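Below is one structure, written out as structure tokens, with a few remarks after it.
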Amino acid sequence: MPELPEVETIRRDLARELPGRRIVQAGATGARSIRRHPDPVSFRAAVEGTTVEAVRRWGKYLLLDLSRPAPASVVVHLGMSGQLLLSSTTAPVVPHTHVVLGLDDGRDLRFVDPRTFGEVFVGSDASLAHLGVDAVDGLHSGAQLAAMLARRNTRLKPLLMDQGFLAGIGNIYSDEILHAARLRYDRTSGSLSPADVRRLYRAMTGVLRSAIEQRGSSLADSQYRDAFGAVGSYQLSHRVYGRQGGGCFRCPRSTIVRVKTGGRSTFFCPGCQH
DNA sequence: AACTGTCCCTGCAAGC
DNA sequence: TGCTTGCAGGGACAGT
């Protein structure tokens with residue numbers, strides 16, 4: 001399930017390959033993937049003949065900035081199972097390929113998404129106005145985080161996953177961050193001491209930066225791949241996610257527990273998270 | 001305002 | 001073996 005580190009890995013791949021490339025052909029066969037467009041024709045018309053100028057990320061969204069009509073970008077959200085793959089135009093088209101952008105260098109950018117929770121559309125930054133600051137690029141100090149937390153009083157995990165509060169953190173990284181910060185998922189933001197907030201800030205930046213360095217987490221069922229189809233390695237560094245029944249790496253006498261909350265699985269160590 | 005449950009969707013694994 | 005069931009989850013939404 002692509003979260004900020006996975007999307008940032010893809011962004012870095014594409015930022016080396018796409019700027020200056022012209023989109024010579026655009027096709028969309030998956031109506032649900034381009035659900036913000038009335039039909040594939042309008043999507044194609046907005047994209048074909050444009051040049052990609054930059055590749056940006058905001059939270060879990062990728063933006064391929066187009067030369068026209070300014071300001072417009074191809075906005076991509078990978079949902080749970082989305083992949084954005086650079087491949088030769090002649091490579092076989094795998095099942096669940098919903099959008100194909102043909103480039104002027106003989107390659108395609110293909111959007112593949114079996115579960116169709118992801119989407120692709122042409123839009124401006126205004127279409128992402130509901131997002132909070134980016135959890136890496138927009139968060140600069142523990143004091144800033146403390147001020148943000150002071151405006152809310154709610155459980156930490158849903159707050160970290162609230163894209164309007166902080167953009168980019170999902171189920172896996174919220175659990176990893178909270179374990180690194182030694183805080184329980186159900187601690188309320190209003191109950192945090194200044195030292196707690198400092199640990200949370202350091203855990204957040206530390207976990208996300210390490211995960212980016214290791215090119216994200218590829219799990220058995222999520223099929224996360226970078227733009228060249230390669231897997232990440234941060235799953236090898238997970239301390240709690242998917243480790244229920246295993247020993248805690250920080251306090252080895254404790255066992256990682258899995259609970260269901262808010263309709264999602266949460267993993268934590270009852271021994272060292274409070 | 002905060003929280004829970006439901007839905008969308010496919011692939012995979014467990015159980016009968 | 002072959003079927004059914006449950007589970008995974010990002011985000012929108014309805015209901016409490």
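Since we're looking at a predicted model, the values are computed, not measured. For the numbers below, each heavy atom of this structure counts, side chains included, while hydrogens, waters and symmetry mates do not.
Close to C:dG11, at under 4.0 Å from its OP1 or OP2, lies no side-chain N or O of A:H130. An OP1 or OP2 oxygen of C:dG9 is reached within less than 4.0 angstrom by a side-chain nitrogen or oxygen of A:Y241. Applying the 4.0 Å criterion to OP1 and OP2 of C:dG11, one finds that A:Q163 has a side-chain N or O inside that range. For A:K260, no side-chain nitrogen or oxygen approaches OP1 or OP2 of B:dT4 to under 4.0 Å. A sub-4.0 Å separation between OP1 or OP2 of B:dT10 and a side-chain N or O of A:H96 is absent.
Taking 3.5 Å as the limit, the base of C:dG10 and the side chain of A:R115 contain no donor-acceptor pair of atoms between them.
As rounded to whole Å, 13 Å separates atom C1' of B:dC9 from atom CZ of A:F111. The interatomic distance linking A:M161 (CE) with C:dA12 (C1') rounds to 14 Å, in whole Å. C:dC7 atom P lies 13 Å from atom CZ of A:F267, rounded to whole Å. The nearest whole Å value for the distance from the CG atom in A:D162 to the C1' atom in C:dA12 is 13 Å. Rounding to whole angstrom units, CZ of residue A:F165 and P of B:dA2 are separated by 11 Å. Rounded to a whole Å, the CG atom of A:L62 is 16 Å from the P atom of C:dG10. Taking atom OH of A:Y173 as the reference point, atom C1' of C:dG9 lies 15 Å away to the nearest angstrom. In this structure, CZ of A:R35 is placed 15 Å from P of C:dG10, rounded to the nearest angstrom.
Minimum atom distance to the side chain of A:P114 is reached by B:dT10, of the listed C:dG10, B:dT10, B:dA2. Picking from B:dC9, C:dG9, B:dA2 the nucleotide with the shortest atom distance to the side chain of A:N171 gives C:dG9.
Between A:A227 and A:D13, the closest heavy-atom pair is N-OD2, 3.2 Å.
Residue order along DNA chain B, read from the 5' end via each residue's closest nucleotide, puts A:R155 first among A:R155 and A:R264. Mapped onto DNA chain B by nearest heavy atom, A:R32 and A:G263 fall at different nucleotides, with A:G263 at the one closer to the 5' end.
Comment: A:R57 engages A:D137 in a salt bridge, judged by a side-chain N to carboxylate O separation of less than 4.0 angstrom.
Applying the 6.0 Å contact sphere to CZ of A:R36 captures more than 12 heavy atoms from other residues, nucleotides or ligands.
The residue A:D113 sits apart from the nucleic acid: no heavy atom pair falls under 4.0 Å. Contacts of A:Y61 with the nucleic acid, taken as non-hydrogen atoms under 4.0 Å apart, are absent.
Using cut-offs of 30° and 60° for the angle between ring planes, the A:F111 and A:H98 rings count as tilted.
The aromatic ring of A:F117 stacks onto the base of C:dG10, its centre lying under 5.5 Å from the centre of the six-membered base ring with the two planes under 30° apart.
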| Would A:T116 and A:R32 count as a side chain to side chain donor-acceptor pair (under 3.5 Å) if you check the C-alpha gap in whole Å, the side-chain angles of each, and the deciding distance to 0.1 Å? | CA-CA 7 Å; A:T116 69; A:R32 203 172 124 77; 2.8 Å; yes
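A:K157 pairs with exactly one of A:D175, A:I169, A:L183 by the side chain to side chain contact (heavy atoms under 4.5 Å, CB included) rule, that one being A:D175.
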